[in-house]
Amino acid sequence: MTEAVQKRATLKIAVIAVITIELLGGLSGWLSNSGYGNPWFDALRKPAFMPPGWIFGVVWPILYALMGVGLAMILVEPASPARRNALALFFIQLVLNFAWSPLFFAFHDIHAAKLLIFAMAAVAAAAGMSFTRIKPVAGLLLVPYILWLVFAGTLNATIEKLNPGAGSSLLGF
């Protein structure tokens, strides 16, 4: 594939990937009534470093767009075991991402959501490393997302500590 053809293919796939990830991420949040305006969440004690709600509405679309572009860069690469592994890791972390909002905001399981987000960050980091081995810039595009997951996981853990007994437990502990 010539460089010009690969750039056009990447752009087409990126548009589709970004739109799809944005829509699915938004749907996950909307269906679970995520964020401020959720009475259960509003009643929780929050840490002093909790950003205002509008920050999440700005950050997530940017992160999802970066993820979609990075994904497109890997999708246009020739098939290989490394590419297959990178894509598997990416889609595993993406499923975990879309599961976090329902777990936290709809099921009110703060503890399970904390475990999920730290697992998600680990899998996202592995996906980022795998992307980097194939196309370095694709891996770099995941770095802001991974950093945000660590921050969000810290928020989740702190909310759990500030609100003992405030959530349900789907895991039984």
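Predicted, not measured: the structure shown is a model, and the values here were computed from it.
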**Prompt:** Atom CG of L44 and atom NE2 of H108: how far apart are they, to the nearest 0.5 Å?
**Reply:** 8.5 Å
**Message:** Is it the case that the side chain of D109 and the backbone of F104 share a donor-acceptor pair, with hydrogens and angles ignored and the cut-off at 3.5 Å?
**Reply:** no
**Asked** Do the side chain of R83 and the main chain of E77 share a donor and acceptor less than 3.5 angstrom apart?
**Response** yes
**Message:** Would you compute the distance between atom CG of L103 and atom CZ of F98 and round it to the nearest 0.5 angstrom?
**Reply:** 15.5 Å
**Prompt:** Are the aromatic rings of W148 and F56 close, with centres under 6.0 Å apart?
**Reply:** yes
**Request:** Please assess W40 against F105 for the test ring-ring contact (aromatic ring centres under 6.0 Å, His included), listing each intermediate value before the final yes or no.
**Result:** CA-CA 8 Å; W40 172 80; F105 289 105; 7.0 Å; no
**Message:** Given 3.5 Å as the limit, does a donor-acceptor pair link the side chain of T154 with the main chain of V150, or not?
**Reply:** yes
**Asked** Measuring from L71:CG to I16:CD1, what's the distance to the nearest 0.5 Å?
**Response** 11.0 Å
**Item:** Donor-acceptor contact below 3.5 Å, side chain S34 vs main chain G29
**Value:** yes
**Request:** Check whether F91 and I134 end up in the same hydrophobic cluster, where Ile, Leu, Val, Met, Phe, Trp and Tyr are linked by side-chain heavy atoms less than 4.5 Å apart.
**Result:** yes
**Message:** Against Y64, only a single residue in V18, L24, N97 fulfils side-chain contact (heavy atoms from CB on, under 4.5 Å); can you say which?
**Reply:** N97
**Asked** Quick one: does N163's side chain have a donor or acceptor within less than 3.5 Å of a partner on R45's backbone?
**Response** yes
**Complete:** Here the gap from N156 atom CG to L116 atom CG, rounded to the nearest 0.5 Å, amounts to 9.0 Å
**Request:** Please check if V137 and L89 belong to a single hydrophobic cluster, counting links between Ile, Leu, Val, Met, Phe, Trp and Tyr side chain heavy atoms closer than 4.5 Å.
**Result:** yes
**Request:** Please answer whether the main-chain N or O of F41 pairs with a side-chain N or O of K46 as donor and acceptor at a distance below 3.5 Å.
**Result:** yes
**Atom pair CE/CD1 of M73 and I13 - distance to nearest 0.5 Å** = 12.0 Å
